[in-house]
Amino acid sequence: MEVQELHAWPSSPEEAKALQDRLRPSLELGDPGPQRPATIAGLDVSYADDGGRLAAAVVVLDGVTLETVEEAVVTGVAAFPYVPGLFAFRELPTLLVVLRRLDTTPDLLVCDGAGLAHPRRFGLACHLGVLTGLPTMGVAKTRLFGKHDEPGSRRGATADLLDDGGEVVGRVLRTQDGVKPVYVSVGHRIDLDTACRHTLTLSPEFRLPETTRRADRLSRAALRDA
DNA sequence: GCGACAG
DNA sequence: ATCTTGTCGC
């Protein structure tokens with residue numbers, strides 16, 4: 001797929017936060033988003049012992065059968081230290097490289113992390129959405145931002161993720177009976193209901209969506225070899 | 001001042 | 001994220 005070239009990159013947390021605030025207005029929210037995506041891509045990154053080297057992987061699934069239709073992986077170096085709230089600056093450059101290797105242009109991108117459920121409402125999923133122009137959503141394994149009640153114990157149970165003003169920034173979703181819930185939030189050009197529906201569809205058997213699971217496996221394998 | 005803090 | 005032993009369950 002076509003991906004815009006990346007230009008200047010922040011060299012300090014202050015610059016990074018300023019960039020998030022500058023890109024934030026480019027977010028397109030409110031639209032329902034893809035209801036029957038033909039292809040859905042999952043992205044994930046694994047790190048080497050040192051924490052510097054990394055491998056970014058993308059796996060494209062058929063939106064109906066969930067079968068893998070294409071995949072790509074590339075190694076790289078962390079572009080920023082890990083700072084909560086600035087996580088995207090760490091892996092975004094390598095994620096853009098791996099997306100360029102795709103023949104397919106996915107109808108939806110599923111990120112391993114937050115979207116709007118972020119201190120400045122601009123997590124990795126939002127950033128990747130603005131840079132690619134594609135619909136994106138985030139599915140995180142733990143909470144970064146927002147308060148919430150405990151969702152019911154059955155698959156499909158939810159609880160809203162709220163900011164201090166009571167605004168909904170995401171949803172805590174139980175993807176399997178009795179497992180820890182995941183944190184779903186919108187990235188770009190999709191709404192929260194649709195994002196949660198896709199998360200459940202992508203998680204027919206395990207806690208995490210197949211997109212994330214397969215991208216995780218692929219990125220680890222690439223790191224092991226290289 | 002003391003926690004909390006995607007991966 | 002990654003480092004790790006044993007343990008529980010299909």
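Every chain is numbered from 1, with letters handed out A, B, ... down the list of sequences. Remember, predicted model here, so these are calculated numbers, not experimental data. Just so it is clear, the values below take in all heavy atoms, side chains as well, and ignore hydrogens, waters and symmetry mates.
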Within one Ile-Leu-Val-Met-Phe-Trp-Tyr cluster: A/L218 and A/L61, side-chain cutoff 4.5 Å: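 They do share one cluster, since a chain of ILVMFWY contacts under 4.5 Å joins A/L218 to A/L61.
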
Just the table, please: protein N/O against nucleotides 1-6 of chain B N/O, every pair under 3.5 Å.
| unit_1 | atom_1 | unit_2 | atom_2 | d |
| --- | --- | --- | --- | --- |
| B/dA4 | O3' | A/R143 | NH2 | 3.4 |
| B/dC5 | OP1 | A/R143 | NH2 | 2.8 |
| B/dA6 | OP2 | A/Y82 | OH | 2.4 |
| B/dA6 | N7 | A/G85 | N | 3.2 |
| B/dA6 | N6 | A/G85 | O | 3.1 |
| B/dA6 | N6 | A/L86 | N | 3.4 |
| B/dA6 | N6 | A/F87 | N | 3.2 |
| B/dA6 | N1 | A/L124 | N | 3.1 |
| B/dA6 | N3 | A/A114 | N | 2.9 |

Return a table of donor-acceptor pairs under 3.5 angstrom between the side chains of residues 95-102 of chain A and protein atoms on other chains or two or more places apart.
| unit_1 | atom_1 | unit_2 | atom_2 | d |
| --- | --- | --- | --- | --- |
| A/R100 | NE | A/V3 | O | 3.4 |
| A/R100 | NH2 | A/Q4 | O | 3.0 |

Per-nucleotide protein contact string for nucleotides 4-10 of chain C, where B marks a base within reach and S marks sugar-phosphate only (heavy atoms under 4.0 Å, - for neither): -------

Can you tell me if [atom1] on [X] sees more than 12 non-hydrogen neighbours from other groups inside 6.0 Å?
X      : atom1 : answer
A/D225 : CG    : yes
A/E67  : CD    : no
A/R217 : CZ    : no

Ring geometry between A/H127 and A/W9 (parallel below 30°, tilted from 30 to 60°, perpendicular above 60°): tilted

A/T175 and A/S203 side chains, donor-acceptor separation under 3.5 Å: no

Any side-chain donor near an acceptor of the partner, A/E91 and A/Y82, under 3.5 Å: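 There is no such pair (donor and acceptor under 3.5 Å, judged by atom type) between the side chains of A/E91 and A/Y82.
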
Just how far, in rounded Å, is [atom2] of [N] from [atom1] of [X]?
X      : N     : atom1 : atom2 : result
A/E91  : C/dA1 : CD    : P     : 10 Å
A/D216 : C/dT2 : CG    : P     : 7 Å
A/D44  : B/dG7 : CG    : P     : 9 Å
A/H127 : B/dG7 : NE2   : P     : 18 Å
A/L208 : B/dG7 : CG    : P     : 9 Å

Intra- and inter-strand pairs of DNA chain C in dot-bracket (Watson-Crick or G-U wobble, both distances under 3.5 Å; | for another strand): ..........

Watson-Crick and G-U pairing of DNA chain B, under 3.5 Å, as dot-bracket with | and [ ]: .......

Electrostatic pair A/D44:A/R220 at N-O distance under 4.0 angstrom: no

Those residues that, when tested against A/R143, pass salt bridge (charged side-chain N to carboxylate O under 4.0 Å, His left out) (two or more places apart):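 Scan of A/R143 (salt bridge (charged side-chain N to carboxylate O under 4.0 Å, His left out), adjacent residues dropped) gives none.
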
Qualifying residue for side chain to side chain contact (heavy atoms under 4.5 Å, CB included) with A/V182, from A/T142, A/T199, A/V172: A/T199

Separation of A/L161 CG from A/K147 NZ (nearest 0.5 Å):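 So the NZ of A/K147 and the CG of A/L161 are separated by 11.0 Å.
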
Stepwise salt bridge (charged side-chain N to carboxylate O under 4.0 Å, His left out) check, A/R197 with A/D193: CA-CA 6 Å; A/R197 272 190 27 240; A/D193 287 330; over 6 Å; no

